[in-house]
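Keep in mind that the numbers below use all heavy atoms, side chains included, and drop hydrogens, waters and symmetry copies.
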Amino acid sequence: MPKLARTIRFDESDQNVFSRPADPGEWAIPGGFEFSNWSEADLTGKARQAFANGWLGLTGFGRSTFVAVAQVEPDELEALATTLAQHFVTLYGAPSVEAALDTAKEQIADMVELCEDHAPNTLLTVLRELTEAGVREQFRAIQPADAEIDIVAVHGSVD
């Protein structure tokens, strides 16, 4: 079964540092495409924080500092791709959902690939910097055994 990552919130800091915080439990991708034409002048305040280390939630399109790897149903991936393609139409002016769907699927496939070698509940962080060549992203994994037990995400039913 494929894996993706869900936003996770340990405290209220995301609500203070992002202009639009993601809700806990949203499926997420890095979402670095949002910053593809940014310059240093754009990197101020809450926008700087979103750029520096925010994951993009795929429900409300807000940002989260942490995500946790979880299994995802293949049919959910299709629905997420359609939602992301609609976001490309609404926010970025893509001509249609159909025209944006391949790009949306590629973004989600990249995240599935990023998650595939990590156990469920592995925490992921992203660090971005602006370079001469564009946006550079680095990812860090924090294994569940390395995290304190009270901060490990639980996905699904405990029954």
Do W55 and L43 belong together in a cluster built from hydrophobic side chains that touch within less than 4.5 Å? no

Using only atom types and a distance under 3.5 Å, with no angle test, would you say the side chain of E76 pairs donor to acceptor with the backbone of E73? yes

Parallel, tilted or perpendicular: ring planes of H87 versus F61, cut at 30 and 60 degrees: parallel

Is there a side-chain contact between D42 and F35 (heavy atoms, below 4.5 Å)? no

Give the minimum heavy-atom separation between L56 and R63, together with the two atoms involved. N-NH1, 3.7 Å

Can you check whether I29 reaches D110 side chain to side chain, under 4.5 Å on heavy atoms? no

Salt bridge R128-E34, side-chain N to carboxylate O under 4.0 Å: no

Taking all non-hydrogen atoms of both residues, which atom of A28 and which atom of L4 are closest, and how far apart? O-CG, 4.3 Å

Nearest 0.5 Å, please: how far is CD in E78 from NZ in K105? 4.5 Å

Enter the distance from L130:CG to R136:CZ here, rounded to the nearest 0.5 Å. 12.5 Å

For the CD atom of E137 and the CZ atom of F51, what is their distance to the nearest 0.5 Å? 8.5 Å

Please confirm whether the backbone N or O of D23 pairs with a side-chain atom of T7, one donor and one acceptor, at under 3.5 Å? yes

Do V97 and L80 land in one hydrophobic cluster if side-chain heavy atoms of ILVMFWY residues count as linked below 4.5 Å? no

Minimum heavy-atom distance A104-A85, with the two atoms named: CB-N, 3.6 Å

In this structure, would L77 and W27 fall into the same cluster of hydrophobic residues linked by side-chain contacts under 4.5 Å? yes

Quick one: which of L114, L124, L127, T125 gives a side-chain contact (heavy atoms from CB on, under 4.5 Å) with F139? L114

Is any side-chain heavy atom of V135 closer than 4.5 Å to a side-chain heavy atom of W38? no

Taking the side chain as every heavy atom from C-beta outward, state whether I142 and R140 have any pair of such atoms under 4.5 Å apart. yes

When every non-hydrogen atom of V69 is compared with those of K3, the smallest separation belongs to CG1-CD, 3.7 Å

Atom pair CZ/CG of F66 and L123 - distance to nearest 0.5 Å: 7.0 Å

On a heavy-atom basis, the closest approach of A99 and S96 is N-OG, 3.0 Å

Count I, L, V, M, F, W, Y as connected when their side-chain heavy atoms are under 4.5 Å apart, and connections chain through other members. Are L58 and V112 then in the same cluster? yes

Quick one: CZ on R48 to CD on E40, what's the gap to the nearest 0.5 Å? 6.5 Å

Any donor-acceptor pair under 3.5 Å linking the side-chain atoms of D14 with those of T65? yes

Nearest 0.5 Å, please: how far is OG in S64 from CZ in R20? 14.5 Å

Can you establish whether the number of heavy atoms outside R9 located under 6.0 Å from its atom CZ is more than 12? yes

Hey, quick one: are F18 and L91 part of the same hydrophobic cluster, counting side-chain heavy atoms closer than 4.5 Å, chains of contacts allowed? no

Correct closest heavy-atom pair for M111 and A5 would be CE-CB, 3.5 Å

